[in-house]
Amino acid sequence: MNQKAKSSKSRSERSHGSQPAHVKSILTSIYEIRSTLEMPKAIKKFSRVDLDLFDYELHQLVQILRSWRNAKQPVNSLPAEILATIFGHCQYPLRDYLPFPLNSPAPLHREWRNLTRVCRLWRHISRECAPQLWSTIDLNVSPRTFLHRSGKAPLTIYAGIREPWTPSAQAIKVLNKHASRITEFHVSSPPGDSSAVFHALASLQDPCFQPSKSYT
C-alpha cells in the first residue's frame with residue numbers, strides 16, 4: 001500500500017473508529033478496494049474493460065447508498081399516504097376551457113412528474129401507491145402510462161390542450177378499455193366540425209360521464 005493510501009485509510013479509520021462492527025466491515029472492504037486502485041501499478045494491472053466494469057459496479061453501489069441516505073431524510077419518515085397527498089398538491093390543475101391559446105405560456109400540468117425523479121422512494125410512492133396522481137390524462141402526454149398507473153381511479157381526460165383534437169381509431173380503442181372509469185372528458189374539436197368528436201365520444205362503451213358535461 002502506498003503512503004497516500006495509508007494516510008487516507010488512517011484518517012478514515014480514526015474518524016470511524018467508534019462505528020459498530022457491521023459498519024466497520026463495510027468500511028474495511030471499501031478501504032481495500034480503494035488501496036488496490038490507488039496502487040501505482042493498478043493502471044497496468046487492469047484492462048480498459050476491467051475498469052469500465054469497476055466503474056459500472058461502483059456507480060450502482062453509489063446509487064444504492066444515496067437511495068438509503070435519502071430514505072433517512074426526515075420528510076421520508078412520513079407515511080406514504082401523506083407524501084402522496086403532498087405530491088397531489090404540487091399538481092397544476094388544467095382549466096376546463098380548451099384549447100390553450102398557442103401564444104400563451106405552456107401549461108404546467110406535467111411539471112409534477114419531476115417529483116418522481118427525486119429519489120427511489122418518491123418514485124415508488126408516486127407509481128405504486130398513488131393512482132390518483134395519474135388520473136388526469138392529457139392524451140398528448142404518455143396516455144398509456146397514465147392509464148396503467150391510474151389503477152382503478154376515476155379518470156379526467158383532456159384532448160386538444162393546444163390545438164383541436166382529431167380522434168383516431170387507436171385512441172378510441174385505448175380509451176374504451178378504461179371507459180367505465182371516465183368521469184370527465186374535456187375536448188377541443190375542430191372549428192365548425194364537431195361530428196368526428198361526437199362520434200368518438202358516442203363510441204365509448206359505458207363511460208361514467210354525463211354527455212352534457214363531457215366536452216368543453
Side-chain angles (χ1 to χ4, degrees), residues 1-92 105-151 174:
M1 184 184 298
N2 61 32
Q3 189 61 36
K4 180 179 178 182
K6 288 181 180 179
S7 176
S8 176
K9 179 180 179 181
S10 177
R11 288 196 300 271
S12 297
E13 287 178 332
R14 287 197 300 270
S15 63
H16 299 290
S18 61
Q19 296 293 342
H22 65 283
V23 174
K24 288 183 179 179
S25 176
I26 293 177
L27 289 173
T28 298
S29 298
I30 293 173
Y31 299 151
E32 291 175 353
I33 294 172
R34 188 171 65 188
S35 64
T36 298
L37 295 178
E38 286 180 340
M39 292 174 60
K41 295 182 179 180
I43 194 170
K44 296 180 180 180
K45 186 177 181 180
F46 302 111
S47 69
R48 175 64 182 270
V49 174
D50 294 333
L51 296 174
D52 285 344
L53 179 60
F54 297 159
D55 181 74
Y56 172 80
E57 294 296 341
L58 289 172
H59 179 73
Q60 297 302 306
L61 288 174
V62 169
Q63 292 294 96
I64 293 172
L65 176 62
R66 289 176 177 172
S67 177
W68 288 358
R69 186 177 62 187
N70 286 337
K72 297 291 185 179
Q73 296 295 327
V75 67
N76 289 332
S77 66
L78 294 172
E81 295 80 4
I82 293 180
L83 283 173
T85 299
I86 293 172
F87 296 166
H89 286 295
C90 294
Q91 291 182 307
Y92 183 85
L108 302 176
H109 63 293
R110 310 176 188 180
E111 300 303 312
W112 73 269
R113 293 187 299 168
N114 291 329
L115 295 172
T116 67
R117 305 182 182 100
V118 171
C119 64
R120 291 186 181 186
L121 177 63
W122 287 18
R123 182 162 57 251
H124 172 75
I125 289 174
S126 65
R127 292 182 178 182
E128 307 297 335
C129 307
Q132 69 278 9
L133 293 176
W134 306 89
S135 63
T136 297
I137 298 173
D138 175 359
L139 292 184
N140 290 323
V141 183
S142 307
R144 291 177 184 271
T145 298
F146 275 70
L147 287 167
H148 173 71
R149 293 178 182 169
S150 62
V174 171

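Note that the NZ atom of K24 and the CD atom of Q19 stand 8.5 Å from one another [nearest 0.5 Å]. Here E57 contributes atom CD and I33 contributes atom CD1; the two are 10.5 Å apart, rounded to the nearest 0.5 Å. We find the CG-SG distance between N76 and C119 to be 5.0 Å, quoted to the nearest 0.5 Å. Between atom CD1 of residue I125 and atom CD of residue E81 there is a gap of 8.5 Å, rounded to the nearest 0.5 Å. Expressed to the nearest 0.5 Å, how far CZ of R34 lies from OG1 of T36 amounts to 11.5 Å.
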Checking N70 against S67 for the side-chain hydrogen bond (donor to acceptor under 3.5 Å, both in side chains) test, could you report, in this order, the C-alpha distance in whole Å, the side-chain angles of both residues, the deciding distance, and whether it holds?
CA-CA 5 Å; N70 286 337; S67 177; over 6 Å; no

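Counting heavy-atom neighbours within 6.0 Å of R66 CZ, excluding the residue itself, gives a total of 12 or less.
Nearest heavy-atom pair, R117 versus N114, reported as atom, atom and distance to 0.1 Å: NH1-OD1, 2.6 Å. Counting all heavy atoms, side chain and backbone alike, R120 lies closest to Q63 at NH2-CB, 4.1 Å.
Using a 4.5 Å cut-off on side-chain heavy atoms (C-beta onward), K72 and R69 make no contact. For the pair V75 and W122, the minimum side-chain heavy-atom distance is below 4.5 Å. Side-chain contact between S25 and T28 is absent, with no heavy-atom pair separated by less than 4.5 Å. Looking only at side-chain heavy atoms (C-beta outward), Q91 and F87 stay at 4.5 Å or farther from each other. Proximity of I26 to H22: side-chain heavy atoms (C-beta onward) are nowhere separated by under 4.5 Å. A 4.5 Å side-chain heavy-atom check between H59 and Y56 finds every atom pair outside the cut-off.
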Could you list the donor-acceptor pairs under 3.5 angstrom formed between side-chain atoms of residues 131-148 and any protein atom two or more places apart in sequence or on another chain?
unit_1 : atom_1 : unit_2 : atom_2 : d
W134   : NE1    : S126   : O      : 2.6
S135   : OG     : Q132   : O      : 2.7
D138   : OD1    : N140   : N      : 2.9
D138   : OD2    : H109   : NE2    : 3.0

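D52 meets the side-chain hydrogen bond (donor to acceptor under 3.5 Å, both in side chains) test with R48; sequence neighbours excluded. Applying the side-chain hydrogen bond (donor to acceptor under 3.5 Å, both in side chains) test to S29 and every residue at least two apart in sequence or in another chain returns nothing.
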